[in-house]
Amino acid sequence: MNTQINRLPVPTWNRTGVNWLDQKALPPDREYLQGRHLPYDGILPHGITLMDHLPAEVADIKSGMGEWLDESIRNGADKTCYLLGNGIASEPVIITQNLDLTQPVIRTHFAIKANPGSNLTVVQINRGDAKDGVIENLTQIDAQTDSFVRLISIQLLGKNSQSFDAVGARIGKGAKIELIRAVFGGKTAACGSMAHLEGQGGGYQQDTAYFTDEDQIFDFNDIASHIGRETVSEMHTAGVLSGHSSKILRGTIDFKAGSAHSIGHENETVLLLSPSARNRTVPLILCGEEAVEGQHAATLGRFDEKQLYYLCSRGLSLMEAKRLLVEARFMPVLNKITQDDLRQEILTIIERRLDEHEISS
Amino acid sequence: MKDFKEEKTRVDQADRTIYDVKDRLDPAYLMDSGITPEIVNQISKEKNEPEWMRLFRLKSLKLYNEIPLPTWGPSLDELNMDQIVTYVRPKSTMKAKWSDVPDDIKETFERLGIPKAERKSLAGVGAQYDSEVVYHNVRAEVASQGVVYTDIESALTGPYSDMIRKHFMKLVPPSDHKFAALHGAVWSGGSFVYVPAGVSVEIPLQSYFRLNAPGAGQFEHTLIIVEEGAYLHFIEGCSAPRYYVANLHAGCVELYVGKNARLRYSTIENWSKNMYNLNTKRASVEEGGTVEWISGSFGSHISYLYPMSILKGKKARMEFTGITFAGEGQNLDTGAKVLHAAPDTTSHISTKSISRDGGNSTFRSVVTVTEKAEGSKSAVSCESLMLDSISRSDTIPVMDISCNQADIGHEAKIGRISESAIFYLMSRGLSEDDARALIVGGFAEPIAKELPLEYAVEMNNLIHLEMKGSIG
């Protein structure tokens, strides 16, 4: 089995270094032993129950990080959380995982099966820090006919730890999945999602926000695979890079033969605050179907001078205008986080990073 | 409607008559197939080269044997280098008059319209047949400005030998990739152009490369130096008849654009559909200089083609305008690369691709902005048109940005011909196939308008030929 993580679906020049996650960012070499597989023991809202085993049809949903990591987590998880959605959930399921010295490695396998017509929201919060700490999550989602699943993934780790977040989603007829992702922490943060839009009229919306700092390495591999007819994907990513950090975003819209009348849109905006930061963006469109519409766009670099000029002409100082523009980038994601305290916590992190960096000069 | 159906069943392949005429194989010298040190030494001996070049070839061969095939891009598994003949010398030395070129070779170039184009609209022409240049000429008034346009072998041993040695395969070193190494080992033919400072060559120069021998490779080297403040438009054309064995083209183009100079490099590539086109093109642009690439890719079975521009001087500029048309049996992987290595540099890449009849078209690019490139701007735009669902069209761009004072934009679109646009044109009296051809022609128009009129007409004819039989 190929052990590369976050592989670009179609490779390009090796010297660009974007074909997969850099070896130096890989998780520490640990044996993936059979995990303890402790089930989730939190309280669940009405409309959501725990499954006592992983349904076979969910187990085979691939994430964007690659089969090796998927299998490693599936077989070696410390904890499992297999959720079943029936009807409309009364409130979100909020699962918080904390890294610390007593628990420097967390490996969790989430599965979400949304029965036809169900509607549920799951919030995953990863925080804490530990020397050589690692959090590895695999979330497999099976959204059946006309169901709706919203997954909110917030990563606020300290900078001694690594994070690997794999998401695989199968989207049935008329079903919709939203993946909301805010990634701020970790010395390495790797995320890989794959949406399998199998059912006619299925929809996938992904909004990601990130803010790198110091020597952080962020690595994303997001794929919307259009298989069924009339499927729609929207993937939007907004980020800020500072310090000596680096980031790679691989975003792929893949129209398979048979996905007629499907639409895929993808865009990324990146602001580089530091002359030492490095951004790599790799937006792919793969197309084996005639009757589709695919678009991607990327805007990378510095502040838009026209926007700054406008804001300054309305009475803001240059620094205030810059801060406003940075915060505005994160709003599409922050506005979808319904927990006020969590949203405020992220805003505080953004403020603190802006204070620490060139934006204040 | 009846006429339309009849035409569809009758025309299932583009008419390539003028390109597909095969001359009788009658070379003065035919090398054994394969690539060995003996063959490389023999090529060097046949060309009576200086010793440094022979050693350069052998060093390149060593690299060729060490470097693996690319692990990305279209499969090259069916390309068997042991069956490729790397050197075929035609039965003619280089001439400066068409009347001195042997009749059968001359007729081939007449059919392709090269002498006529020379008379009408070119300042000079070079014509290569298999491995050697058979004709080279430049108008006296252009030569009198100090412009040098000659075959590269003559330049290698003539008064420009030091210039050749200084620049040859410095932009594209043999270590760059496997087929650059192959080129370094077995290169033959090609053109050398030198435009002195301040000279503007108002009429284009053209080199045309014709590969006639089945199972052969063509490895021409083009080296162009445009000095400070000078201007040149260089046109490259190429074609070959179709055979049922693989042919290989692994040429190399190196362009040096001086301070405030401008070079436009136009290519209409129409190799036959048994050709592996593994060509490498690269430009180095000094302060205030501009390189403009115009590229039309219509032929070849498999193509790897990504002209690269190194913007090394402040305010250097690059524009790339390209179109790729992939039909049955074709896998054309094309695009561009640009390196912003100095402040205030700008690049603009605009490409269109059309896929039909099972053809596979890939746009691949990389825009690199180094930390030195403050104030630089880059815009990439690619549009792809799918004409059926048995074809493929992929877009694989990379943007690598290490500068926080740059503006980089990228956009790509993929889709099919709008049904409402077809409906509108049909409501105005056009047949469906004419409506589609008109829309495809309009799609390619931004490229056509960048070409000299004669070449725009040729490109439009090629599009029209490719579109026939694909409609409906």
Side-chain angles (χ1 to χ4, degrees), chain A residues 8-19 241-242 246-250 252-255 257-260 263-268 270-305 358, chain B residues 70-73 176-177 306 333 335 337 355-356 360-372 374-378 380-419:
Chain A
L8 197 64
V10 177
T12 191
W13 293 288
N14 292 320
R15 63 186 63 170
T16 61
V18 300
N19 283 331
L241 301 178
S242 65
S246 70
K247 176 236 101 189
I248 298 175
L249 170 70
R250 307 169 193 82
T252 302
I253 300 168
D254 187 359
F255 293 108
S259 63
I263 297 170
H265 293 159
E266 178 195 3
N267 70 42
E268 187 189 19
V270 183
L271 181 63
L272 282 88
L273 293 182
S274 156
S276 308
R278 182 182 187 190
N279 173 74
R280 280 173 283 181
T281 296
V282 195
L284 271 59
I285 300 180
L286 310 177
C287 187
E289 172 61 51
E290 175 199 10
V292 295
E293 177 196 313
Q295 273 187 20
H296 62 64
T299 309
L300 320 168
R302 57 185 166 186
F303 285 104
D304 184 324
E305 286 182 7
E358 292 82 345
Chain B
T71 52
W72 49 273
D176 205 64
H177 59 83
Y306 326 96
D333 203 300
K337 301 192 223 180
S355 304
R356 63 106 181 159
N360 191 343
S361 165
T362 300
F363 168 77
R364 196 182 294 270
S365 69
V366 59
V367 174
T368 305
V369 182
T370 67
E371 63 275 19
K372 294 178 190 165
E374 288 193 355
S376 292
K377 294 182 179 178
S378 174
V380 179
S381 163
C382 56
E383 291 183 63
S384 306
L385 198 55
M386 290 276 286
L387 297 187
D388 55 51
S389 279
I390 55 170
S391 304
R392 276 203 71 83
S393 181
D394 295 339
T395 305
I396 309 174
V398 177
M399 284 153 280
D400 186 348
I401 316 301
S402 299
C403 178
N404 67 333
Q405 295 298 319
D407 297 311
I408 313 301
H410 175 97
E411 60 180 29
K413 280 186 207 168
I414 195 160
R416 63 170 174 171
I417 294 176
S418 155
E419 284 175 7

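Only a predicted model underlies this, so the values are computations on that prediction, with no experimental measurement involved. A note on names: the letters A, B, ... follow the listed sequences, proteins ahead of strands, and every chain is numbered from 1.
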From the list A:V292, A:V18, A:V10, A:T12, the residue making the most non-hydrogen contacts under 4.5 Å with chain B is A:T12
Interchain contact, B:T370 with chain A, by part (heavy-atom threshold 4.5 Å): neither
Minimum heavy-atom separation for A:P275 and B:E371, please, with both atom names. O-CB, 4.2 Å
Note: vs chain B, highest number of non-hydrogen pairs under 4.5 angstrom among A:V282, A:L286, A:L8, A:V270 is A:L286
For A:A277, is it the side chain, the backbone, both or neither that has a heavy atom under 4.5 Å from a heavy atom of chain B? backbone
Residue among A:S276, A:A260, A:G17, A:P11 with most heavy-atom pairs under 4.5 Å to chain B: A:P11
Considering non-hydrogen atoms only, spot the tightest contact between A:R278 and B:S402 and give its length. CG-OG, 3.4 Å
Inter-residue atom distance B:T362.OG1 - A:L284.CG, 0.5 Å rounding: 10.0 Å
List the atom of A:P283, the atom of B:P397, and the distance in Å for their closest heavy-atom pair. O-CD, 3.0 Å
Note: vs chain A, highest number of non-hydrogen pairs under 4.5 angstrom among B:E411, B:E374, B:H177, B:R392 is B:R392
Might you point out which heavy atoms bring B:M386 and A:G288 nearest each other, and give the distance in Å? CE-C, 4.0 Å
Under a 4.5 Å cutoff for heavy-atom pairs, which residue among A:G294, A:G258, A:A291, A:S246 has the most contacts with chain B? A:G294
To the nearest 0.5 angstrom, please state how far the CZ atom of A:F255 sits from the CG atom of B:D394. 11.5 Å
Would you say A:N14 and B:T71 are linked by a side-chain donor-acceptor pair, where the criterion is simply a distance under 3.5 Å? yes
Contact part of B:Y306 toward chain A, heavy-atom cut-off under 4.5 Å: side chain, backbone, both or neither? side chain
Check step by step if side chain to side chain contact (heavy atoms under 4.5 Å, CB included) holds for A:N19 and B:W72. CA-CA 10 Å; A:N19 283 331; B:W72 49 273; 5.6 Å; no
Check B:I401 against A:L272 and note the closest heavy-atom contact, atom names and distance. O-CD2, 3.9 Å
Examine whether an atom of B:A412 lies under 4.5 Å from a heavy atom of chain A, and if so say whether it belongs to the side chain, the backbone or both; otherwise answer neither. both
For B:H410 and A:H296, run side chain to side chain contact (heavy atoms under 4.5 Å, CB included): C-alpha distance rounded to whole Å, both residues' side-chain angles, the deciding distance at 0.1 Å, then the answer. CA-CA 8 Å; B:H410 175 97; A:H296 62 64; 2.7 Å; yes
Salt bridge present between A:R15 and B:D400 (N-O < 4.0 angstrom): no
Which value, rounded to the nearest 0.5 Å, describes the distance between A:E289 atom CD and B:S391 atom OG? 11.0 Å
Report the distance from atom OG of B:S393 to atom CD of A:E290, rounding to the nearest 0.5 Å. 12.0 Å
Got a sec: does the CD of A:Q295 have more than 12 other heavy atoms crowding it under 6.0 Å? yes
